[in-house]
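This report refers to the structure that appears directly beneath it.
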Amino acid sequence: MAAKSFDMIVIGAGPGGYVAAIRGAQLGLSVAVVEREHMGGICLNWGCIPTKAMLRSSEVFHLMHRAKEFGLKADGIGYDLEAVVKRSRAIAKQLNSGVGHLLKKNKVTAIMGEATVTAKGRVSVKTDSGAQELEAPHIVLATGARARELPGLEADGDLVWTYKHALMPPRMPKKLLVIGSGAIGIEFASFYNTLGAETTVVEVMDRILPVEDAEISGMAKKAFTKQGMTILEKAMVKKLDRQKGKVTAHIEIGGKVETREFDSVISAVGIVGNTEGLGLEALGVKVDRTHVVTDTHCRTGVEGIYAIGDLAGAPWLAHKASHEGVMVAEMIAGHKVHPVKPESIAGCTYCTPQIASVGMTEAQAKEAGHTIRVGRFPFIGNGKAIALGEPEGVIKTIFDDKTGELLGAHMIGAEVTELIQGYVVGRQLETTEEDLMHAVFPHPTLSEMMHEAVLDAYDRVIHI
């Protein structure tokens, strides 16, 4: 059978994959994208979008309980977990269909099936209607990642869940154990805790949200504890004993192992790249700890083969994957491109309160040898935050004292996942403290705190 020829073949239609395919098509390339499961990948179907839909439901539920604070009355407040999940799944389905429409609109050939790179420039696809052979001088690997499962802590879908099970739960947990306090673990802990589950979070590191600034992690722990969560740091789940309707967790804390009972467990201990079945070893593509090794331009070292997104390593963020997809497509089309800078990509966690950051933490800036200036502004000093009934939180900025470079920004509080992009743009434009000081921020907005946090770093803060 003769192979169908394209300029570029993309394997995987997650955020990086479908964006790469569309951008390539916009630039005049003939493009095929192969997806084995869902158009839109994990993010759209089982990650970013459906989790935010569920978190929005819990956020509204939380606000309903605060109705009296706003001069409102709300009686008989409750929730229907099945309806919450149904809404989440409907939103994912809507966006899944949207990706298919975008690919069709841009004349991208979309194929559902399992792809293997059989040789340089050659891809074989197993579909429901038989095998298809494709060829292209450029192949982009965008197969994403899946939940890491530790021995003895494997998910079974009943008592022990991955993020997929947590998005379509068989029941509402009464006593929930969340293993891991990264963004995924904390978001699910926040969702279920808000709906009434007695929630315990176990983190092996010395603080929750370990990639965040230590000060922000500390404030998050205080907020979650106030909400009724139990936070166990420097702790490890050694074993899970599963019995009918319950799990006994053996948790090591301070060198001693204690047992606690739960009816549901969510394992959120990281991810592993989907490298299996792609034929990478035979091609000579280097894989390190399940992630494909690439250079700053996402090239694998094997001519004509690229890897983007979660498959290519941290940070494991959809927006990083999308920008890598654009960069690779433009590079293939012969355009001059700039590498995506991981240090200028924002990280967002959509728990209550929200957490967002970009750039170096205070500790990282000091370790890198910078003499720094640190500014902070609390939500309690902002009129809009008080009017919203959201006075808890802080915005923190870190500058290089000699150059005025914005080294990092870290936030905790209402809507900070929307605010952080201001500092992302600032870093992209290589802004200094002077530029940020001279910018006029609208009043009354939460964004004014971004201005005041800069002013505070230089002893010019007005409203505290």
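All values below come from the heavy atoms of this structure, side chains included, with hydrogens, waters and symmetry mates left out.
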request  = Can you establish whether the number of heavy atoms outside M331 located under 6.0 Å from its atom CE is more than 12?
outcome  = yes
request  = Could you list all the salt bridge (Lys or Arg N to Asp or Glu O under 4.0 Å) pairs where at least one residue sits in residues 285-297, not counting sequence neighbours?
outcome  = D295-R299
note = Heavy atoms of A214 and R207 approach each other most closely as CA-NH1, 3.5 Å
request  = Measure across H297 and V328 and return the closest heavy-atom pair with its distance rounded to 0.1 Å.
outcome  = O-CG2, 4.0 Å
request  = Before giving the answer on side-chain contact (heavy atoms from CB on, under 4.5 Å), spell out for V424 and S344 the whole-Å C-alpha distance, their side-chain angles and the decisive distance to 0.1 Å.
outcome  = CA-CA 6 Å; V424 172; S344 289; 5.7 Å; no
message = For a 4.5 angstrom cut-off between non-hydrogen side-chain atoms, does I305 reach V292?
response = no
Which atom pairs, donor and acceptor, lie under 3.5 Å between side-chain atoms of residues 232-239 and protein residues at least two apart or in another chain?
{"residue": "E233", "atom": "OE1", "partner": "K221", "partner atom": "NZ", "Å": "2.8"}
{"residue": "E233", "atom": "OE2", "partner": "I208", "partner atom": "N", "Å": "3.1"}

key: Non-hydrogen side-chain atoms of T143 and T275 separated by less than 4.5 Å   = no
query = Counting only N and O atoms by type, is there a donor-acceptor contact under 3.5 Å from the side chain of T199 to the main-chain atoms of A197?
reply = yes
task = Could you tell me whether Q243 atom CD has more than 12 heavy atoms of other residues or ligands within 6.0 Å of it?
result = yes
Residues forming a salt bridge (charged side-chain N to carboxylate O under 4.0 Å, His left out) with R36, sequence neighbours excluded = none
ask   = How far does CE of M168 sit from CG of L81, to the nearest 0.5 angstrom?
value = 11.0 Å
In residues 177-193, what donor-acceptor pairs under 3.5 Å come from side-chain atoms, sequence neighbours left out?
{"residue": "S181", "atom": "OG", "partner": "E203", "partner atom": "OE1", "Å": "2.7"}
{"residue": "S181", "atom": "OG", "partner": "L209", "partner atom": "N", "Å": "3.1"}
{"residue": "E187", "atom": "OE1", "partner": "K52", "partner atom": "NZ", "Å": "3.1"}
{"residue": "E187", "atom": "OE2", "partner": "Y350", "partner atom": "N", "Å": "2.9"}
{"residue": "S190", "atom": "OG", "partner": "T352", "partner atom": "N", "Å": "3.1"}
{"residue": "Y192", "atom": "OH", "partner": "A166", "partner atom": "O", "Å": "2.6"}
{"residue": "N193", "atom": "ND2", "partner": "Q227", "partner atom": "O", "Å": "3.2"}

ask   = Can you tell me if T349 uses its side chain to pair, donor with acceptor, with the backbone of C351 under 3.5 Å?
value = no
task = Please check if atom CE in M172 has more than 12 non-hydrogen atoms from other residues, nucleotides or ligands closer than 6.0 Å.
result = yes
task = May I ask you to decide whether K86 forms a salt bridge with E82, counting only side-chain N to carboxylate O separations under 4.0 Å?
result = no
query = Are the charged groups of R260 and E258 less than 4.0 angstrom apart, N to O?
reply = yes
key: Test side-chain contact (heavy atoms from CB on, under 4.5 Å) applied to T290 - qualifying residues, sequence neighbours left out   = V272
message = For a quick test of reading the model, state the closest non-hydrogen atom pair linking S57 to R87 and the distance between them.
response = OG-NH1, 4.1 Å
task = Take S264 and R171 through the side-chain contact (heavy atoms from CB on, under 4.5 Å) test and state the conclusion after the steps.
result = CA-CA 9 Å; S264 307; R171 66 185 165 276; 3.2 Å; yes
request  = Answer whether the closest heavy-atom distance between the side chains of D241 and H250 falls below 4.5 Å.
outcome  = yes
query = Would you say L103 and Y18 make side-chain contact, with heavy atoms under 4.5 Å?
reply = yes
Contact check, side chains of L134 and I111, non-hydrogen atoms, under 4.5 Å = yes
remark   = Between the OG1 atom in T225 and the CD1 atom in I231, the distance rounded to the nearest 0.5 Å is 5.0 Å
key: Evaluation steps, side-chain contact (heavy atoms from CB on, under 4.5 Å), between N382 and L446   = CA-CA 7 Å; N382 176 262; L446 298 176; 3.6 Å; yes
task = Name all pairs fulfilling the ring-ring contact (aromatic ring centres under 6.0 Å, His included) condition that reach into residues 68-113, sequence neighbours left out, sorted by first residue then second.
result = F61-Y79
message = Can you confirm whether more than 12 heavy atoms, excluding those of H323, are under 6.0 Å from its NE2 atom?
response = no
message = Are the side chains of W161 and P170 in contact, using a 4.5 Å heavy-atom criterion?
response = yes
ask   = Mind checking what makes salt bridge (charged side-chain N to carboxylate O under 4.0 Å, His left out) contact with E330, not counting sequence neighbours?
value = R23
remark   = Across all chains, not counting sequence neighbours, the salt bridge (charged side-chain N to carboxylate O under 4.0 Å, His left out) partners of K175 are none
request  = Under the ring-ring contact (aromatic ring centres under 6.0 Å, His included) rule, collect the residues that match up with H291, sequence neighbours excluded.
outcome  = W316
key: Heavy-atom side-chain proximity of I398 to M360 below 4.5 angstrom   = no
request  = Using the side-chain contact (heavy atoms from CB on, under 4.5 Å) rule, take V265 and L159 through it: C-alpha gap first, then chi angles, then the decisive distance, then the call.
outcome  = CA-CA 6 Å; V265 178; L159 297 172; over 6 Å; no
ask   = Applying side chain to side chain donor-acceptor pair (under 3.5 Å), which residue pairs with at least one partner in residues 408-421 are found, sequence neighbours left out?
value = Q354-T417
message = Measuring only between side-chain heavy atoms, which start at C-beta, is P353 closer than 4.5 Å to E392?
response = no
query = With distance as the sole test, does Y423 use its side chain to make a donor-acceptor pair with the main-chain N or O of T397 at under 3.5 Å?
reply = no
key: Exercise: identify the closest heavy-atom pair between F379 and G413   = CZ-CA, 3.7 Å
query = Does atom CD of E198 have more than 12 heavy-atom neighbours from other groups under 6.0 Å away?
reply = no
query = Does a side-chain N-to-carboxylate-O contact under 4.0 Å join E215 and K396?
reply = yes
query = With K246, which residues qualify under salt bridge (charged side-chain N to carboxylate O under 4.0 Å, His left out), at least two apart?
reply = E261
request  = Sort and list the pairs that fulfil salt bridge (Lys or Arg N to Asp or Glu O under 4.0 Å) and have at least one residue in residues 267-279, not counting sequence neighbours.
outcome  = R146-E276
